[in-house]
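Structure record follows, encoded as structure tokens.
All residue numbers refer to positions in the sequence shown, counting from 1.
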Amino acid sequence: MSNLDIQAIRAAFPILKREVNGKPLVYLDNGATTQKPQVVIDAILNYYTDMNSNVHRGVHYLSQISTDAFEVTRRKVQEFIHAKHDYEIIITKGTTDSINLVSTCYGGAFIHEGDEVIISAMEHHSNIVPWQMLCEVKGAKLQVIPMKESGELDMDAYRSLLNANTRLVSVNYVSNALGTINPVKEIIDLAHAAGAVVLIDAAQAIQHIKIDVQELDVDFLVFSGHKMYGPTGVGVLYGKEELLNKMPPYQGGGDMIKDVTFEKTTYNELPFKFEAGTPNIEAGITLNAAIDFINELGIDNIKAYEDELLAYATEKLSEVEGIRFIGTAKEKSSVISFVVDGTHPYDIGVILDKLGIAVRTGHHCAQPVMDQFHIPGTVRASLAVYNTKEEIDALVAGVKRAVAMLV
């Protein structure tokens, strides 16, 4: 914590100065989206005032500087996740778009009837539904790694699921509903030993944990810009060069082609083969500023501070009578989900909002998780580097007040 000036960090986020319902904003919904620092906001303004133009297609000055800025982001992402090549970085609309790209292109080409795809019991719907759709079309089988009551994956069960028919494993790095940090390196190594490829959903990890795709030896990795202090509408698919070259394009259109005739179309090289049409140029360019912001703070410093904040929040919320934490894994990251006896999560969330405290309530697009715990949903407080212990104190006081009103 001593390595970061939290008040200076907070000052970089204009929205944190505002009030909600006459109370200072306490923003604890970072798992859904993070707030944006002034440097990202300025970068958005700068794009539209100084360089607005389409990319990759023009010889004029504005197009060239926009293209250069867009490609700077690609290289920045490459460095951030330690990819071998910048052309292994595909710019997408977000995590969901990236998963669907892999499901459609890799799954469509290489998964067949009788093959098996493995996901886990703690996945976000965006890492469940695309694989269900693929398996239905292909006649493949979807297997699910079970989860323990602690919110940890049953790794022995995972080992037993892997077999000669396993073609792909797709799991999250960090659970958005529970905060569990999964043993992704072990998951990847076991899958590779069985001859399967692996996709890791890093949407809830990229802003909290240092990621090295070469060290992990992961085949595909996906994440979104808006969860890492960047703009909405942009995300990343990292894929190993060999796999991306084998996959057919995701969509047809401009920029993903080399040559088009009515008889035949020749597809473009990586990464452009998977980037049809005009991208979200503004978001693609300004994601660079968000990565710079994280790099300036240091991802290890961010993790250390957030771990401290998570421990403090867990300790203080334990004071609430009747509270039950959903997700008690030994390794967690920046998410606290809970229910309180005699209350509904939605009611607690509404009362907290009246106090200016923003949390998320419901199933968090992870209905199978809620079904396993036999609950309709949870109250989820998700933390970011700009949150403080004083905000945690406000959360605890608010939950206690809500419980006193509801029980």
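Looking at residues two or more places apart in sequence or on another chain, you find no side chain to side chain donor-acceptor pair (under 3.5 Å) involving S382. Residues passing the side chain to side chain donor-acceptor pair (under 3.5 Å) test with N21, sequence neighbours excluded: none. By the salt bridge (charged side-chain N to carboxylate O under 4.0 Å, His left out) test, K185 pairs with D189, sequence neighbours left out. R10 pairs by the salt bridge (charged side-chain N to carboxylate O under 4.0 Å, His left out) definition with E391, not counting sequence neighbours. For D217, the side chain to side chain donor-acceptor pair (under 3.5 Å) partners at least two apart in sequence or on another chain are H192, K240. In this structure K332 satisfies the salt bridge (charged side-chain N to carboxylate O under 4.0 Å, His left out) test with no other residue, sequence neighbours excluded. Partners of K36 by side chain to side chain donor-acceptor pair (under 3.5 Å), not counting sequence neighbours, listed by chain and number: T33. Residues that satisfy the salt bridge (charged side-chain N to carboxylate O under 4.0 Å, His left out) test with K246, not counting sequence neighbours, are E242.
Around the NZ atom of K17, the shell of radius 6.0 Å holds more than 12 heavy atoms that belong to other residues, nucleotides or ligands. When the shell of 6.0 Å around CD of E296 is examined, it contains 12 or fewer heavy atoms from other residues, nucleotides or ligands. For F325, the CZ atom counts as densely surrounded, since its 6.0 Å shell holds more than 12 non-hydrogen atoms of other residues, nucleotides or ligands.
Between E79 and K76 there is no salt bridge, since none of the side-chain N atoms of the basic residue sits less than 4.0 Å from a carboxylate O of the acidic one.
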Return a table of donor-acceptor pairs under 3.5 angstrom between the side chains of residues 367-376 and protein atoms on other chains or two or more places apart.
residue : atom : partner : partner atom : Å
Q372    : NE2  : M147    : O            : 2.6

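Ring geometry for Y106 versus F220: interplanar angle over 60°, hence perpendicular rather than tilted (30 to 60°).
Evaluation of the salt bridge (Lys or Arg N to Asp or Glu O under 4.0 Å) test over residues 124-145, restricted to residues two or more places apart or in two chains, returns none. Residue pairs meeting the salt bridge (Lys or Arg N to Asp or Glu O under 4.0 Å) criterion with at least one partner in residues 102-119, sequence neighbours excluded, are D115-R167. The stretch residues 152-163 participates, sequence neighbours left out, in these salt bridge (Lys or Arg N to Asp or Glu O under 4.0 Å) pairs: D156-R159, R159-E186.
Side-chain contact annotation: D393 with Y312, donor-acceptor N/O pair under 3.5 Å present.
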